[in-house]
Amino acid sequence: MSEFILRLMREEDIEQVANIEKEAYRDKWSDFAYRSELKDNNLAVYVVLAPKDDEKKVAGYGGFWVILDEGHITKVTIAKEYRGQKLGKELLWGMLKLAKMKGAERVTLEVRVSNKAAVGLYHKLGFTDSGIRPKYYTDNNEDAYIMWRELADVEVDSSER
Ligand SMILES: CC(C)(COP(=O)(O)OP(=O)(O)OC[C@H]1O[C@@H](n2cnc3c(N)ncnc32)[C@H](O)[C@@H]1OP(=O)(O)O)[C@@H](O)C(=O)NCCC(=O)NCCS
């Protein structure tokens, strides 16, 4: 039984999210970007992984857009002090279930070719590489792997629908 819950991101989470974002990404999103994703983007779903005994605490967060039957994952992040405890897996698996509930039949994402932890996580959860976007990341001209995962095997309990 997990000691964490997955819940929708709220505006009051953004300060913690922005702090985690700063230490996790060289091309970090601003607070404003998160605010506008939550407020103005009807296609977007953002979630937080929080300890059950402290639901206000953000241990990790992620997000995706659902466009027709495709989910486009924009973020999967675990705060440094919580890494290496399978929480990335728990977060991403919860996001796949939620994407399916929202109508996605497959999901896609881009990841830096040097990001061994994230590439390992995505492979572990069944994503496959489908190509490379050359120089996708403009801060250092790094290539991105493009990955996809079909959601046919992802079961959503009727109680979760
Ligand atoms: C990628 C990230 C979410 C992984 O979170 P995590 O909670 O540490 O990952 P987990 O403990 O759930 O590990 C799941 C799998 O990922 C892989 N993995 C995790 N950390 C790894 C590392 N440092 N090196 C190689 N593989 C790693 C392993 O396959 C692992 O499975 P295993 O433990 O059974 O071997 C986390 O490192 C992170 O937030 N990084 C910064 C943000 C980021 O780069 N996000 C991805 C953007 S595309």
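When a ligand or atom number is given, it counts from 1 through the structure's own listing order. For clarity, every value in this text was computed on a predicted model and none was experimentally measured.
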Note: ligand 1 atoms sitting under 4.0 Å from heavy atoms of Arg83 are 8 (O), 36 (C), 37 (O), 38 (C), 39 (O), 40 (N), 41 (C)

Ligand 1 to Thr77, heavy atom cutoff 4.0 Å, flagged ligand atoms 39 (O)

If we number the atoms of ligand 1 from 1 as shown, the ones under 4.0 Å from a heavy atom of Ala118 are 1 (C), 46 (C)

> Can we say Lys52 and Glu3 salt-bridge, meaning some charged N sits less than 4.0 Å from an Asp/Glu carboxylate O?
Replying inline: no

shortest atom 2 (C) of ligand 1-to-protein heavy-atom contact is with Leu121 CD2, 4.4 Å

Closest to atom 45 (N) of ligand 1 among protein heavy atoms sits Val76 O, 2.8 Å

Of all protein heavy atoms, the one nearest atom 31 (O) of ligand 1 is Lys124 CD, 3.2 Å

One should read off an interatomic distance between Lys39 NZ and Phe32 CZ, to the nearest 0.5 angstrom, of 8.0 Å

Rounded to the nearest 0.5 angstrom, the CD1-CH2 distance for Ile73 and Trp148 is 10.5 Å

Here the atoms of ligand 1 under 4.0 Å from any heavy atom belonging to Gly84 are 6 (P), 7 (O), 8 (O), 11 (O)

Residue, atom and distance of the protein heavy atom nearest atom 48 (S) of ligand 1 read Tyr122 OH, 3.2 Å

Nearest heavy atom to atom 39 (O) of ligand 1, choosing from Leu91, Leu87, Ile78, belongs to Ile78

Exactly one candidate in Lys28, Lys75, Arg26 meets salt bridge (charged side-chain N to carboxylate O under 4.0 Å, His left out) with Glu21; the answer is Lys75

Heavy-atom proximity to atom 23 (N) of ligand 1, picking from Gly120, Gly88, Ala117, points to Ala117

Fill in: Residues Arg133, Glu110: salt bridge by 4.0 Å N-O rule
yes

Gln85 heavy atoms within 4.0 Å reach ligand 1 at atoms 11 (O)

Ranked by distance from atom 11 (O) of ligand 1, the top protein heavy atom is Lys86 N, 2.8 Å

To the nearest 0.5 Å, atom CD1 of Ile78 lies from atom CG of Leu121 at 8.5 Å

What orientation do Tyr34 and Trp29 show, parallel under 30°, tilted 30 to 60°, or perpendicular over 60°?
tilted

Atom 44 (O) of ligand 1 has as its nearest protein heavy atom Asn115 ND2, 2.7 Å

So OH of Tyr136 and CG of Asp143: to nearest 0.5 Å the spacing works out to 12.5 Å

Closest non-hydrogen contact found for Met95 with Val76 is CE-CG2, 4.2 Å

For atom 13 (O) of ligand 1, decide whether some protein heavy-atom distance is shorter than 4.0 Å. no

